[in-house]
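Just so you know, residue 1 is the first one in the sequence shown, and it goes up from there.
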Amino acid sequence: MAKEEPPSVSRDLQELQRKLGLLLESFLNNSKVVAFMKSPVGRFLDRHPFVALTVLMFVTMSAIPVGFFLLIVVLTSLGALMGAILLEGLVISVCGLSLLFVLCGLGFLSLALSGIAMMSYVVVSCLMSYWFSPRPLTQQNANIDCQLAMKFTEAERLGL
């Protein structure tokens, strides 16, 4: 003969059935569920329970892969964004240092060229005054020597 289940098990099953019935009733009375069941898709799924079960199984089983895919998309996007920011920062830093070195080099080059230009001007002006002087050089030196001698005698006379 078959064993009979103890009475407590049947009472527990009845209690569970009652709780599930209340849960199902509250679910079916939800305004969003009622609106969905009145839609054409809801009426189709109500008339075709196998299709409804297949869609339900597909949605529940595809939730985890879709979630992983979306997580990978978000993480990849964040990684690309951080990589772009880091790459942009690196490029700006390298270009900034390059600009600094180029400007320092141009500063030293302009300083050197200015010195060369000033020395060239002095040398050329001295040579021009030497070559195109109105008096001969010996007469200029004698004239300068005379002027110096006169200034020296005046300074002695004044007691300086």
Rounded distance (nearest 0.5 Å) linking atom [atom1] of [X] with atom [atom2] of [Y]:
X: Ser120; Y: Ile116; atom1: OG; atom2: CD1; value: 7.0 Å
X: Leu87; Y: Ile92; atom1: CG; atom2: CD1; value: 10.0 Å
X: Ser93; Y: Glu88; atom1: OG; atom2: CD; value: 10.5 Å

Return each pair, listed once, that meets ring-ring contact (aromatic ring centres under 6.0 Å, His included) where at least one residue sits in residues 48-82; pairs must be two or more places apart or across chains.
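Checked against ring-ring contact (aromatic ring centres under 6.0 Å, His included) - neighbours excluded - the pairs reaching residues 48-82 are Phe44-His48.
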
Qualifying residues under side-chain contact (heavy atoms from CB on, under 4.5 Å), relative to Met128, sequence neighbours excluded:
Val124, Phe132

Transitive ILVMFWY cluster of Leu111 at side-chain heavy atoms under 4.5 Å: who else is in it?
none

Mind checking whether Val59 and Val41 sit in one hydrophobic cluster, side chains of I, L, V, M, F, W, Y counted as touching below 4.5 Å?
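Yes: a chain of side-chain contacts under 4.5 Å links Val59 to Val41.
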
hydrophobic_cluster_shared for Met37 and Val55, side chain cutoff 4.5 Å:
yes

Got Leu53 and Pro49 here, is their nearest side-chain heavy-atom distance under 4.5 Å?
no

Are Val123 and Cys126 close enough that some pair of their side-chain heavy atoms sits under 4.5 Å apart?
no

Exercise answer: donor-acceptor pairs, residues 72-84 side-chain atoms, under 3.5 Å, sequence neighbours excluded:
unit_1 : atom_1 : unit_2 : atom_2 : d
Thr76  : OG1    : Ile72  : O      : 2.6
Ser77  : OG     : Val73  : O      : 2.8

Using every non-hydrogen atom in the two residues, find where Leu45 and Phe36 come nearest and quote the distance to one decimal.
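Closest pair (atom of Leu45, atom of Phe36, distance): CD1-CZ, 4.1 Å.
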
Can Leu100 and Cys104 be said to form a side chain to side chain contact (heavy atoms under 4.5 Å, CB included), step by step?
CA-CA 6 Å; Leu100 179 68; Cys104 287; 4.3 Å; yes

Quick one: which residue pairs count as a salt bridge (Lys or Arg N to Asp or Glu O under 4.0 Å) with a foot in residues 16-45, not counting sequence neighbours?
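For residues 16-45: Glu15-Arg18.
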
Quick note, side chain to side chain donor-acceptor pair (under 3.5 Å) partners involving residues 95-118, not counting sequence neighbours, are none

Ile64, CD1 atom: more than 12 neighbouring heavy atoms under 6.0 Å:
no

